[in-house]
Amino acid sequence: MEYNFRDIEKKWQQRWVEEKTYQVAEDKSKPKFYVLNMFPYPSGAGLHVGHPLGYIASDIYARFKRLQGYNVLNPMGYDAYGLPAEQYAIQTGQHPEKTTFQNIDRYREQLDKIGFCFDWNREVRTCSPEYYKWTQWAFQKMFGSFFCNKCQSAQPIEKLIEHFEEKGTEDLDVAQTENLTFTADEWKSWDEKKKSDVLMNYRIAFMGETMVNWCAGLGTVLANDEVVDGVSVRGGFPVEQKKMRQWCLRVSAYAQRLLDGLETIQWSESIKETQKNWIGRSEGAEVEFKIADSDESFTIFTTRADTMFGVTFMVLAPESELVEKVTTAEQKAAVDEYIKYVKGRTERERMIDHKVTGVFSGSYAINPFTGEKNPIWISEYVLAGYGTGAIMAVPAHDSRDYAFAKHFNLPIIPLIEGADVSEESYDAKEGIVTNSPRKDVKPYIDFSLNGCTVKEAIAKTKKYVKEAGLGRVKVNYRLRDAIFSRQRYWGEPFPVYYKNGIPTMIPEECLPIELPEVDKFLPTETGEPPLGNATVWAWDEVNKKIVENSKIDNKTVFPIELYTMPGFAGSSAYYLRYMDPHNNEALVSKDADEYWQNVDLYVGGSEHATGHLIYSRFWNKFLFDLGVSCKEEPFQKLINQGMIQGRSNFVYRIKDTNTFVSFDKKDGYDVTPIHVDVNIVSADVLDVEAFKAWRPEYNTAEFILNDEGKYICGWAVEKMSKSMFNVVNPDMIVEKFGADTLRLYEMFLGPVEQSKPWDTNGIDGCHRFLKKLWKFMTAEKETLSPTLPRNGEGDHAGSASLGNKPDGLPITGEMSEGQRGSSPQELKALHTLIKKETADIEAFSYNTTIAAFMVCLNELTKLKSTSREVKETLTILLAPFCPHLAEELWHLLGHTTTVCDAPWPAFNEDYLKEDSVKMMVAFNGKARFPLEFPADVSKEDAEKAALANPQSAKWMEGFTVAKVIVVPGKMINIVLKK
RNA sequence: GCGCUUGUGGCGGAAUUGGUAGACGCGCCAGACUUAGGAUCUGGUAUCUCCGAUGUGCAGGUUCGAGUCCUGUCAGGCGCACCA
């Protein structure tokens, strides 16, 4: 009987659907396990072999956990809102929903062929109103909240209003955009509009006038993580900084919790590090500097408080509001010219070349430690968005200040003993402080740092600054608030309308506000977002209701927010929705949330490190504060699957001809390498006829073949893309080898976390293995045909017995008479695999598991094993990797239930006991040789036996035994000394 | 510049707490069967001057023993980057 994977896979995929094998429900009698993949954006290109890598890895883990008796949630859905569908719509006029749904169908079809255990009953799509109702809802909750710094959590905004009414901003310690000061009386005197504006300073979702990344090419603003090297990630259009009114999320309020949370989750060190960098916590001090001959002062931020005595000038960011104040009449022209120059430079230019530029403002600041007047400069190397937008420059110990000082001939005062600053600055935070204060000048204040280490000096200065009222200790974060609105069509509409110019939330019971139909997807001519084109709005109905309820002129039409939400809105809490996807009353019910808790294993690419993985942690923390999510961190363990790169093939055309020369013959010709479709190349050998048929211009192509008469192609590793003809489609692999082979091979390729090029060349090995396995399992018909159940019990593998038998299959000594038991050798091979596979799957080391499986099968084939228990156990061990084949074998073994609910085999150490142990005798670190010993040998016996053996005794002559090391099951070491 | 990470045959990659480096697969070589095939099976395959010696990017160190631990160094990949 042949291994007919096509029939087997088709049959079982159907059965799984019919029998709802992968539908799960909360079951308090079983422990839960939540496995999740980052849901895909359904692009028009369909899946390539790289996509399923993570899905297969997590599918194996999910199946493994289910076999171990867990109630496993493994859902899938689509991140359906996004720019590509919209860009396509603009070009073709096709509604993005139409193309998105087509793409989703295609994805589903491709996914179904690979045999995943997803519970499709729980599918979510971010673009469906039932789903985005809760995205809108969460936004409203954020609007209605502020962040209390003291209790480090979100609180209802009403509490803040109470505070204002009682004491204004006194004793206020909350996350805010600007540091406002007002009294309770002032607050009470303000009208509704003013109050609304002030509250925006504190809301977690707020409307703010901020510098944004404006992308004219896409007609929208972008978040920081959507911009790389000054151009948009999507499309590569230039991005400029612009001040605009936008909705924002106060992600920065959660900076410390986002940082602390990293310690509690099992993510890779590199992703944690990336997030730490992105959050960018830096401890320092804010110090106030008075402007000479003025009542004004300003504050700078520094992490090097120890260098106060080395300040020789001050620098302001060109965008700083202080610039106007400090510019003197004589310098005005020069400053204006400089500001104009800076404004003319794009973000990209500023990033690429770090030119030393700047202008003197004409004013001086008084250094509170030395009393000296330090000139105030203006330069683009100081960023307006970080710290206070002003710095004290210490050229001796900061390379940027150093470059500036050298360029403009400003003094440099070294502060660390032995530091040579004649050529470059000494930036290291090490050494003994000197010149603080200098010995040649009269001390201005009674404070010295001389003789301290840098660390001590920083602490000492901070303490002094605080006590003397010169400033305060301050922690700064690089993390900025997320800009949450987009001027696009294909996204969630905001549940917001404008009442007399005041942004107002649409009542919760009216949610969701559905995305309206529009004729044109481009922004309107007036620059309004595409939603301005809407002719029929769900909003109209809602507006009517609001107007009726509020006793105002019922002809009033309030304008609705025309912006839409960004891509990360819908993907920030989808994992919660999977727990309870059909709930119309809540994002997730309390019961479901408490049962499933959070994601135990999250699998996805590392490219989301500073986007989705930050936003969803933020979002979840907010929902945690609200009491909606019972866990503070959404993803307990994260595995980043590597990228599958393409392996391109090349043919070599001899210049100005239509003749192609084989790779191994091409030296000596002047050739042009041309990408060739990898699908007409096999093991780097070109299918010449297929090549001729590939494109009309190659119809008449001629070939210079190698000595074996083959055309060998060259190859290179590149990104998998249509234009390089190196896209390998999983459907083709499934068609040729079967889903089980594809699954096995993708895992056998190497560690899941590692990026690697796709290379179809090795797939035969995996397919061969499955064929061998099939042959082995079906070799002796009588052992495979349905036999009497063992022990006279019913089908032992039924799910009912699962809870009662946590130890798994009864393996030995329970054979009914006439049936052959398993030999010790068979059991040893089997249990070696059980041990290895159980440990390896837990560690995501799938390639080694497969290797062990191959070894085990070889062993059992050699032993001509026909034991039923061997076959049953092997089938269960196969089930996570090759579910179709495992089901078929399980069925052939006479079971009527699915192999998914079989109990994972228990490992028994006894079968692995070695008869003997190898001994290494080492002396003087050089000579050694192996010698066999009984496994349970004692140290004394080992020594005796070594002396009894003529060969080892010879080695040991003239030496004394220093120590005997017994490594059970491994080796014995007798260390000799003279 | 800072941080993280990886360096092992012709190739992808194995190697528990330090314990016979190169599992497993691909490729290659030889053989068997053969309806002569890109099928199946068996054996071999790190390198060299093939007795024996050398081998995990390079140079040292600790140890009876190092791919593994320590120090330095080189190279690739990723992230952040005028963040004070």
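In this text, all values refer to a predicted model and were calculated from it rather than measured experimentally. Chain identifiers are assigned alphabetically (A, B, ...) following the order of the sequence lines, protein sequences preceding nucleic acid strands; residue numbering begins at 1 within each chain.
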query = For B/A30, what is the paired nucleotide under Watson-Crick or G-U wobble rules, both distances under 3.5 Å?
reply = B/U42
key: B/U68 to B/U62 separation - P atoms, rounded to the nearest Å   = 15 Å
task = May I have the distance from A/Glu273 (atom CD) to B/G79 (atom P), rounded to whole angstrom?
result = 15 Å
message = With rounding to the closest Å, how many angstrom separate the P atoms on B/G61 and B/G77?
response = 32 Å
task = From the options B/C82, B/A84, B/U40, select the nucleotide whose nearest atom is closest to the side chain of A/Glu380.
result = B/C82
request  = Would you tell me if any nitrogen or oxygen in the side chain of A/Gln754 comes within less than 4.0 Å of OP1 or OP2 on B/U6?
outcome  = no
ask   = How many Å lie between OH on A/Tyr711 and P on B/G38, as a whole number?
value = 21 Å
request  = Quote, to the nearest angstrom, the P distance that separates B/C24 from B/A15.
outcome  = 13 Å
query = Does the side chain of A/Ser282 come under 3.5 Å of the side chain of A/Tyr386 through a donor N or O and an acceptor N or O?
reply = yes
request  = Please tell me if the side chains of A/Trp758 and A/Glu746 come closer than 4.5 Å, counting only heavy atoms from C-beta onward.
outcome  = yes
Proximity to the side chain of A/Val855 - top-ranked nucleotide from B/G13, B/G79, B/A23 = B/A23
message = Using a 4.0 Å heavy-atom cut-off, does A/Pro757 contact any base of the nucleic acid, only the sugar-phosphate backbone, or nothing at all?
response = nothing
Chi angles and distances behind the ring pair (Phe, Tyr, Trp, His ring centres under 6.0 Å) call for A/Phe881, A/Phe853 = CA-CA 11 Å; A/Phe881 290 89; A/Phe853 218 118; 7.3 Å; no
message = At less than 4.0 Å, is any side-chain N or O atom of A/Asn761 found next to OP1 or OP2 of B/C11? Yes or no.
response = no
task = Sticking with atom P, work out how far B/G57 lies from B/C41, rounded to a whole angstrom.
result = 36 Å
message = Using a 4.0 Å heavy-atom cut-off, does A/Leu383 contact any base of the nucleic acid, only the sugar-phosphate backbone, or nothing at all?
response = base
request  = Could you list all the salt bridge (Lys or Arg N to Asp or Glu O under 4.0 Å) pairs where at least one residue sits in residues 304-318 of chain A, not counting sequence neighbours?
outcome  = A/Arg304-A/Asp306
key: Base-pairing assignment for B/U17 (Watson-Crick or G-U wobble, both under 3.5 Å)   = none
ask   = In whole Å, what separates the P atom of B/A66 from that of B/G18?
value = 13 Å
request  = Take the protein atom CZ of A/Phe776 and the nucleotide atom P of B/C41, then report the distance between them rounded to whole Å.
outcome  = 15 Å
ask   = With a 4.0 Å cut-off on heavy atoms, is A/Val394 in touch with a base, just the backbone sugar-phosphate, or nothing at all?
value = nothing
ask   = Do any N or O atoms from the side chain of A/Ser865 and from the backbone of A/Thr861 form a donor-acceptor pair under 3.5 angstrom?
value = no
request  = Hey, can you tell me if A/Trp377 and A/Phe404 have their rings parallel, tilted or perpendicular (30° and 60° cut-offs)?
outcome  = perpendicular
query = Can you tell me how far C1' of B/A81 sits from CG of A/Asp398, to the nearest Å?
reply = 14 Å
task = Can you tell me, in whole Å, how much space there is between the C1' of B/U63 and that of B/G9?
result = 28 Å
ask   = Heavy atoms under 4.0 Å, any strand shown: does A/Lys772 hit a base, just sugar-phosphate, or nothing?
value = sugar-phosphate
note = Separation of B/U5 atom C1' from A/Met643 atom CE, nearest Å, is 16 Å
key: Distance in angstrom units between A/Asn277 CG and B/G3 P, rounded   = 10 Å
ask   = Is the Lys NZ or Arg CZ of A/Arg768 less than 6.0 Å from the centre of A/Trp774's six-membered ring, within 45° of the axis?
value = no
query = In whole angstrom, what separates A/Leu744's CG from B/C24's C1'?
reply = 11 Å
request  = Report yes if at least one side-chain N or O of A/Lys276 is closer than 4.0 Å to OP1 or OP2 of B/G3; otherwise report no.
outcome  = no
key: Opposite nucleotide pairing with B/C50, Watson-Crick or G-U, both atom distances under 3.5 Å   = none
ask   = Phosphate oxygens OP1/OP2 of B/A84: is one of them under 4.0 Å from a side-chain N or O of A/Tyr386?
value = yes
query = NA contact type, A/Lys272, heavy-atom cut-off 4.0 Å: base, sugar-phosphate, or nothing?
reply = nothing
inquiry  = Measuring only the P atom in each nucleotide, how far is B/U56 from B/C51? A whole number of Å is fine.
reply    = 23 Å
request  = Please give the nucleotide sitting opposite B/G79 as a Watson-Crick or G-U wobble pair, both distances under 3.5 Å, or none.
outcome  = B/C2
request  = Determine the interatomic distance between C1' on B/A81 and the same-named atom on B/A75; round to the nearest Å.
outcome  = 22 Å
task = Nearest whole angstrom, please: distance from the C1' of B/A39 to the NE2 of A/His767.
result = 12 Å
ask   = What is the nucleic acid contact for A/Asn847, judged by heavy atoms within less than 4.0 Å: base, sugar-phosphate only, or nothing?
value = sugar-phosphate
ask   = Under 4.0 Å between a side-chain N/O of A/Arg768 and OP1 or OP2 of B/C26, yes or no?
value = yes
